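Here is the structure we will look at.
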Amino acid sequence: MSAPLLSRVYEGGAGAVVTKSVGPRPRMGHPNPTVVAVEGGLLNAMGLPNPGAGYFTGEIERLKEAGVPVVGSFFGASVEEFVEVARTLAGVGVDALELNCSCPNVEEEMGLLGSDPANVERITGAVKEAVNLPVFVKLTPNVADIVEIARAAERGGADAITAVNTLKALAIDVDLRRPVLSNTTGGLSGPALKPVALRCVWEIAECVDIPIIGVGGVSGWRDAVEFLLCGASVVEIGTAVMTRGFEVFREVAEGIRGYLAQNGFKEVREIVGLAHEA
Ligand code: SIN
């Protein structure tokens, strides 16, 4: 994702931008088709295509020159690769890092790093030791117990949990009589993911003390308020940019402000996790 496109997200009213995940080397990703619209959202199996952290630093520098707060999303296939990329991104002034150990579309090559609490703790700990930046750990919902993984990230020193990445899913082409995506499976995002993501945020909020960034199906301010009431302190928006355009960020921010004012709250933090107290 280029600097001009990410700048439009910021100009659209987002508080910060999260980059597409970058790894240590350029990756082509999976062959087409990599995206298909399904009921209630999108399935994607991009396969982490990216130009490599070294090249991507130029895009981050452009964003920083324009005054855009940047969260650098990154991945690796080993602890060493995570550390290497984290250092590269930190070196060009990202404001925070989002450690992506949860992509459902690269299991064959990279295994299930984010499904193993010991891995998550080890990678998080190594990255935190290597850089002096806030690190958010993005979790997969494709596990039996997401709380166990969230606790591992917290033990590793994560500053926040991002919940959640996409839900592993499948679409079939009835004419071709085979899966639509070249990777067979893909990750489900958009409104259909929201109830799953809310459940994950809810469970994590009951068990960890660090902040939660809610993501999964936020298309309007009501969705965002649901995440906040569940225990998220911040929300991320992705798929809705395709359906609602860059204006979605301003609409959501203004909608949250309106909700707070109408209900006698002054700040977002007053409603974070409020549904747990009901
Ligand atoms: C992809 O590139 O396949 C999606 C990225 C992700 O789900 O982390």
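Counting convention: from 1, in listed order, for ligands and their atoms alike. Note that the coordinates shown come from a computational prediction; the quantities given were computed from them, not determined experimentally. Positions are given from 1 along the sequence.
Near ligand 1, heavy-atom contacts under 4.0 Å come from Lys20, Asn44, Met46, Gly47, Leu48, Pro49, Asn100, Cys103, Pro104, Asn105, Asn165.
The backbone N or O of Ala3 sits less than 3.5 Å from a side-chain atom of Glu59, completing a donor-acceptor pair.
In this structure, Asp116 has no salt bridge (charged side-chain N to carboxylate O under 4.0 Å, His left out) partners at least two apart in sequence or on a different chain.
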Under 3.5 Å, which donor-acceptor pairs link side chains of residues 252-269 to any protein atom two or more places apart or in another chain?
| from | atom 1 | to | atom 2 | distance (Å) |
| --- | --- | --- | --- | --- |
| Asn263 | ND2 | Tyr259 | O | 2.7 |
| Glu267 | OE1 | Arg269 | NE | 3.4 |

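Residue pairs that meet the side-chain hydrogen bond (donor to acceptor under 3.5 Å, both in side chains) test with at least one member in residues 191-201, sequence neighbours left out, are Lys194-Asp223, Lys194-Glu226, Arg199-Glu203.
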Item to check | CA sep, side-chain torsions, deciding dist, call: Phe227, Val215, side chain to side chain contact (heavy atoms under 4.5 Å, CB included) | outcome: CA-CA 8 Å; Phe227 273 95; Val215 53; over 6 Å; no

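When Asn50, Asn100, Thr162 are each tested for a side chain to side chain contact (heavy atoms under 4.5 Å, CB included) with Ser73, only one passes: Asn100.
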